[in-house]
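What follows is a short report on a single structure.
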Number of protein chains: 2
Amino acid sequence: MPNNQFKRGELYSFITGMASTAVARRLQKNFKQAGIEITIEQWSVLYHLWKQDGLSQQELCKQSFRDKPSITRLVDNLEKLKLVKRVPSKDDRRINLVYLTEDSKKLQYETMDMANQTLNEALDGVSSSDIEMCKAVLQKVYDNLK
Amino acid sequence: MPNNQFKRGELYSFITGMASTAVARRLQKNFKQAGIEITIEQWSVLYHLWKQDGLSQQELCKQSFRDKPSITRLVDNLEKLKLVKRVPSKDDRRINLVYLTEDSKKLQYETMDMANQTLNEALDGVSSSDIEMCKAVLQKVYDNLK
DNA sequence: TTTGAATAGTTGCATAACTAACTATATGCC
DNA sequence: GGCATATAGTTAGTTATGCAACTATTCAAA
């Protein structure tokens, strides 16, 4: 039995990612209390656009670890909310470039503050070296299954 | 700035739990390849029943970190698949006790093997002390937000 | 003993996920 | 040029999640 064998009783919470789910739920709740009517999933798409505006849907798939239909619908819903705009690429007509609107640019600082605050709350009492180690393990897990 | 402040570029993957999502997806794929037609979420409910049969829906909520409507519907679907059976409690008529069927008892060893194998694959190259530390961090995060 | 609060579970509505199958455009080889 | 293949994105169907509102049963205090 390899020394990294998981004990059965610990399987479930690892698989469901209860911790990250809890963070996402809390952040969602904080958004709602502040009157910000977007979902965490929509926010996570905006997050990548704040880093770099005008990404293609395909690039959003990669960066947000989602498949194409998921991004199609998230962008659909963000477009309905007038938070992004699809612009067909001139170089390649298959490609939609997704751009922020003025409304969504305004959302950035308020929601990023809230997200940082929520994460700090979540990580209260956890040392930064433990956080680093934890992130490294999660990345390794992700890479192992790629 | 507290020493456990998250850097912005790392927010997203933590919040979405990409690692645990990847494990769940892989296990789902393995089930499918083996001709086992249940979802990971359904499996996770069975998992708790294998540990202790005859739990109430409320107890399933707590153990699987889900809310009541989610458990109601998972049990609905498991019942359609004839993998569990609701039995009203004699002591308290509000309570449904959820019992495994012969079919789902048979699923246990095959799927647990698959789950352990998938986790070992996911954790390849990660030391057991790192796994312990990682689990401790995730538990702490969960508790911080409770 | 009755009334009000708490608990167990269900239902409806909106959003999101995965798979598979589809359209449209681009690329590359003959 | 023309056809096969790859790539970008959409659509359809099923399942799952979160929230809010609901019913039914139990419990506890006036």
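Note that the structure is a prediction, hence the values are computed from the model and not measured. We name chains A, B, ... by the order of the sequence lines, and we start the count at 1 in each one.
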Tell me the closest heavy-atom pair linking [X] and [Y], and the distance in Å.
X         : Y         : value
Leu49(A)  : Leu60(A)  : CD2-CD2, 4.2 Å
Ala122(B) : Val23(B)  : CB-CG2, 4.0 Å
Cys134(B) : Leu138(A) : SG-CD2, 4.2 Å
Asp53(B)  : Val98(B)  : OD1-O, 3.7 Å
Trp50(B)  : Ser104(B) : NE1-O, 3.1 Å

Measure from [atom1] on [X] to [atom2] on [N] and round the result to the nearest Å.
X        : N       : atom1 : atom2 : value
Leu74(A) : dC18(C) : CG    : P     : 11 Å
Ile95(A) : dA8(D)  : CD1   : P     : 6 Å
Glu37(B) : dT14(D) : CD    : C1'   : 12 Å
Leu55(A) : dA8(D)  : CG    : C1'   : 15 Å
Asp67(B) : dT7(C)  : CG    : P     : 17 Å
Leu78(A) : dT15(C) : CG    : P     : 11 Å
Leu27(A) : dG18(D) : CG    : P     : 14 Å
Asp76(B) : dT15(D) : CG    : P     : 12 Å

Listed by chain and number, what are the salt bridge (charged side-chain N to carboxylate O under 4.0 Å, His left out) partners of [X], not counting sequence neighbours?
X         : result
Glu79(B)  : Arg86(B)
Asp143(A) : Lys146(A)
Lys105(B) : Glu102(B)
Asp92(B)  : Arg94(B)

Provide the full list of ring-ring contact (aromatic ring centres under 6.0 Å, His included) pairs with a residue in residues 69-88 of chain B, sequence neighbours left out, each pair given once.
none
Which pairs pass ring-ring contact (aromatic ring centres under 6.0 Å, His included) with one or both residues in residues 124-146 of chain B, sequence neighbours excluded?
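For residues 124-146 of chain B, and leaving out neighbouring residues, the ring-ring contact (aromatic ring centres under 6.0 Å, His included) pairs sorted by first residue read Phe65(B)-Tyr142(B).
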For residues 20-41 of chain B, pull every pair meeting salt bridge (Lys or Arg N to Asp or Glu O under 4.0 Å), keeping only residues two or more places apart or in separate chains.
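Non-adjacent pairs meeting salt bridge (Lys or Arg N to Asp or Glu O under 4.0 Å): Arg26(B)-Glu121(B).
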Check whether any side-chain N or O of [X] sits under 4.0 Å from OP1 or OP2 of [N], and answer yes or no.
X        : N       : value
Gln42(B) : dA16(D) : yes
Thr21(B) : dA17(C) : no
Gln28(B) : dT19(C) : no
Ser70(A) : dC18(C) : yes
Gln58(A) : dA8(D)  : yes

Most 5' of Leu97(A) and Lys29(A) on DNA chain D, judged by nearest nucleotide:
Leu97(A)
When you match Arg25(A) and Lys80(B) each to their closest nucleotide on DNA chain D, which lands nearer the 5' end?
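The residue mapped nearer the 5' terminus is Lys80(B).
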Taking only nitrogen or oxygen atoms into account, show me every contact under 3.5 Å that the protein makes with nucleotides 1-3 of chain D, one pair per line with its distance.
none

Have a look at the helix from dT1(C)-dA30(D) to dC30(C)-dG1(D) and give the angle its two end axes make, five pairs each, rounded to 10 degrees.
10°
Which residue lies toward the 5' end of DNA chain C, Thr39(A) or Asn96(B), if each is placed at its nearest nucleotide?
Asn96(B)
Pairs under 3.5 Å (N/O, protein and nucleotides 21-25 of chain D):
| residue | atom | partner | partner atom | Å |
| --- | --- | --- | --- | --- |
| dT25(D) | O2 | Arg94(B) | NH1 | 3.4 |

side-chain contact (heavy atoms from CB on, under 4.5 Å) involving Leu81(B) - partner list, sequence neighbours excluded:
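Ile38(B), Gln42(B), Leu83(B).
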Using a heavy-atom cut-off of under 4.0 Å over every strand shown, decide if [X] touches base, sugar-phosphate, or nothing.
X        : answer
Asn77(A) : sugar-phosphate
Thr72(B) : base
Ile71(A) : nothing

Do the side chain of Arg73(B) and the base of dG12(C) come within less than 3.5 angstrom through a donor-acceptor pair of N or O atoms?
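Donor-acceptor pair under 3.5 Å: yes.
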Tell me which one of Thr118(A), Ile36(A), Thr39(A) satisfies side chain to side chain contact (heavy atoms under 4.5 Å, CB included) with Gln28(A).
Thr39(A)
DNA chain D-proximal residues of residues 83-91 of chain B, any heavy atom under 4.0 Å
none
Side chains of Ser129(B) and Glu132(B): any donor to acceptor distance under 3.5 Å?
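Glu132(B) vs Ser129(B): no donor-acceptor pair found between side chains.
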